[in-house]
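Let me begin by presenting the structure, written as structure tokens, before commenting on it.
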Number of protein chains: 2
Amino acid sequence: MLDVRRLRLLRELAHLGTIAAVAEALSFSPSAVSQQLSVLEKEAGVPLLERTGRRVTLTPAALGLVRHAEAVLALLEQAGAELAHTKRGLAGPLRIGTYPSAARAIIPGALAELAAWHPGLEPMVTEVDPAGVGAALRAGELDVALVHEYDLVPADPEPGLALTRPLFTEPMYLAGRAPGTIAEQRAAPWIMSPPGTLCHTMTVRACEAAGFAPRVRHQIDDFTTVLALVAAGQGVALVPHLGTDRQPPGVVLTRLPMYRRTRAAFRAGAGSHPAISAFVSALHTAVPPGLGGGS
Amino acid sequence: MLDVRRLRLLRELAHLGTIAAVAEALSFSPSAVSQQLSVLEKEAGVPLLERTGRRVTLTPAALGLVRHAEAVLALLEQAGAELAHTKRGLAGPLRIGTYPSAARAIIPGALAELAAWHPGLEPMVTEVDPAGVGAALRAGELDVALVHEYDLVPADPEPGLALTRPLFTEPMYLAGRAPGTIAEQRAAPWIMSPPGTLCHTMTVRACEAAGFAPRVRHQIDDFTTVLALVAAGQGVALVPHLGTDRQPPGVVLTRLPMYRRTRAAFRAGAGSHPAISAFVSALHTAVPPGLGGGS
DNA sequence: GCTTCTCGTAAGCTGAGCCGATGCTCGACG
DNA sequence: CGTCGAGCATCGGCTCAGCTTACGAGAAGC
């Protein structure tokens with residue numbers, strides 16, 4: 001019988017690509033991961049890893065095993081969720097991940113609602129980098145997280161995770177000192193998030209769709225700061241609706257036919273966990289008016 | 001995350017009913033099983049076992065958990081089977097369980113066929129009591145087993161196991177010193193298998209269906225011996241076709257409208273294991289003519 | 001060239017988990 | 001009603017699976 005603990009390591013390896021990263025994610029030493037994968041390989045009787053350069057890659061047999069591992073882990077998650085249903089009162093910690101603007105706009109109201117429904121629940125919110133949300137959920141560091149996707153940045157479905165339908169949909173705005181379209185800002189300096197973030201990619205793609213490559217001047221993640229820079233004449237930027245709540249004088253917002261959608265993500269199989277479904281319900285009630293569920 | 005090792009103990013407990021039996025089946029001490037189940041109960045956070053009299057019974061929550069455990073274990077079995085597909089040559093032991101008459105009539109031909117197809121395979125045949133086949137398969141002591149069922153003895157589907165369609169179907173005969181029907185043997189002494197066996201139950205039910213309770217004289221499991229006793233005038237008996245290959249003089253067989261069906265059983269999820277499906281194919285080719293697959 | 005990053009192996013240690021012994025409770029039986 | 005056996009839980013002690021730390025080998029980058 002294959003050991004699920006070891007299958008989990010293999011699954012993480014498939015996602016993270018390196019043994020060191022798996023060890024980091026699951027709080028082990030790299031050596032421990034390497035040893036356990038060796039044992040798994042032995043009890044599988046088939047080569048699973050092969051060294052290519054200074055990394056390892058998974059053989060086709062290993063990839064097949066990962067597929068099964070996903071299913072097994074989702075099933076175990078579901079069993080845990082069903083177990084939680086039989087407990088009387090919902091209690092214990094619920095670790096929530098979120099991106100900054102939702103943390104300010106949505107989370108407080110949702111937590112208040114949640115506390116009214118389930119006083120025993122102890123929600124713990126952490127601001128997390130959207131890129132690391134998947135790994136944090138799979139590693140068990142988070143139970144549920146708010147994630148977003150842009151029209152122009154297709155969110156590749158991560159195996160092992162599940163998403164709700166969009167909780168709300170925000171329009172995007174072009175922020176400048178005068179009304180205008182993206183195409184008209186070909187020559188303007190741009191303010192956008194640091195490279196590697198979803199927002200950065202989204203802004204670059206939007207400019208490319210308008211036929212030019214943006215000239216980047218400032219790289220700032222916080223939309224309040226971004227709008228202050230716009231007001232100071234430092235450039236133009238694309239901001240989602242939730243980033244516009246503190247709009248400084250002098251900034252003009254032009255609504256664009258682009259949208260950002262926010263969903264809740266959790267480990268596959270955990271969607272039926274009462275704490276998570278309660279939190280999702282609380283989010284629904286806390287969505288500000290005007291940002292309907294969206295498609 | 002729930003531990004699959006412990007879930008397996010809970011599953012066995014659901015089937016076997018007592019911690020001592022689980023320990024026996026999995027080669028542990030009862031104390032180890034008790035300890036592991038306690039840990040499982042703690043990490044589930046919900047009562048799973050309650051003592052009733054001097055045994056334990058499973059709570060509804062535990063039964064739900066068992067259902068999930070079945071699914072997880074089947075999935076793991078399937079993963080192992082798929083892994084075996086990627087190996088080049090089929091090799092290693094294949095532990096086969098069988099009831100006695102099939103062992104004599106079917107198994108030798110099937111093994112010869114199997115050896116021709118896969119020389120690396122090492123089949124190991126064990127005669128096992130049909131009542132214990134399920135436990136032996138689940139405990140991993142057997143990989144595949146031949147089991148049979150009678151018309152009058154419905155085989156309740158055991159969770160965690162899977163059955164093939166019937167490999168062959170034998171007619172049943174009334175063995176006596178003259179032709180006759182069951183109803184005509186109301187007053188005759190009967191020879192049947194020891195109580196607790198399927199054959200015993202089958203004979204009793206057949207007599208009850210004919211309107212009487214059989215007077216039991218001898219309790220013998222081996223059909224060759226049974227027929228010898230019939231020839232010696234010691235009574236009448238019901239025997240399946242495979243039990244009639246060595247028919248002593250003086251015995252008259254009357255064919256009855258009753259049948260015994262033989263199937264292969266294995267752990268759920270293992271049906272796609274190449275060694276098991278090869279063995280089932282070999283069985284099909286080794287079925288004696290005249291005993292078509294049947295329904 | 002050297003540095004850095006990664007994986008694998010060896011050696012040693014710690015704790016999870018096993019066994020055996022003991023005690024308790026419940027049911028069967030005379 | 002007393003005795004006995006079956007079954008489960010708990011305690012103490014031990015063993016080994018599996019972790020960490022330390023080290024070495026090979027590949028990429030400067």
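Below, chains carry the letters A, B, ... as their sequence lines are ordered, and counting in each starts from 1.
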Query raised in the report: Can you tell me how far C1' of C/dG17 sits from CG of A/D3, to the nearest Å?
Result: 15 Å
**Report entry** Exercise: identify the closest heavy-atom pair between B/I220 and B/P194
**Finding:** C-CD, 4.1 Å
**Report entry** Side-chain donor-acceptor pair present, A/T86, A/E82, cut-off under 3.5 Å
**Finding:** no
Query raised in the report: Closer than 4.0 Å, any side-chain N/O of B/S34 to the OP1 or OP2 of D/dC8?
Result: no
Requested in this report: Tell me which residues in residues 44-56 of chain B put a heavy atom below 4.0 Å from DNA chain C, sorted by number, or none.
Outcome: B/G53, B/R54
Query raised in the report: Taking NZ, NE, NH1 and NH2 as the nitrogens, is one of them in B/E141 or B/R95 under 4.0 Å from a carboxylate oxygen of the other?
Result: no
Query raised in the report: At their closest point, which heavy atom of B/V153 faces which heavy atom of B/E149, and how far apart are they?
Result: O-CB, 4.3 Å
Query - Minimum heavy-atom distance between B/H273 and B/A84, given as atom pair plus value - result: NE2-CB, 3.5 Å
Query - Closest non-hydrogen atom pair, B/S193 against B/H200 - result: O-ND1, 2.9 Å
Query raised in the report: Looking at DNA chain C, which of residues 4-13 of chain B put a heavy atom within less than 4.0 Å of it?
Result: B/R5, B/R6
Requested in this report: Write down the atom of B/D143, the atom of B/I276, and the distance for their closest heavy-atom approach.
Outcome: O-CD1, 3.5 Å
Query - Interatomic distance, B/L37 CG vs C/dG17 P [rounded to whole Å] - result: 13 Å
Query raised in the report: Taking OP1 and OP2 of C/dG8, is either one under 4.0 Å from a side-chain nitrogen or oxygen of A/Q35?
Result: no
Query raised in the report: Near DNA chain D, under 4.0 Å by heavy atom, which residues of residues 15-31 of chain B?
Result: B/T18, B/I19, B/A20, B/S31
Report task. Work out which heavy atom in B/V39 is nearest to a heavy atom in B/R6; give both atom names and the distance. Result -> CG1-CZ, 3.4 Å
Query raised in the report: Which distance, rounded to the nearest 0.5 Å, do you find between the CD of B/E70 and the CG of B/L161?
Result: 8.5 Å
Query - Interatomic spacing from NE2 in A/H68 to CG in A/L7 - rounded to 0.5 Å - result: 10.5 Å
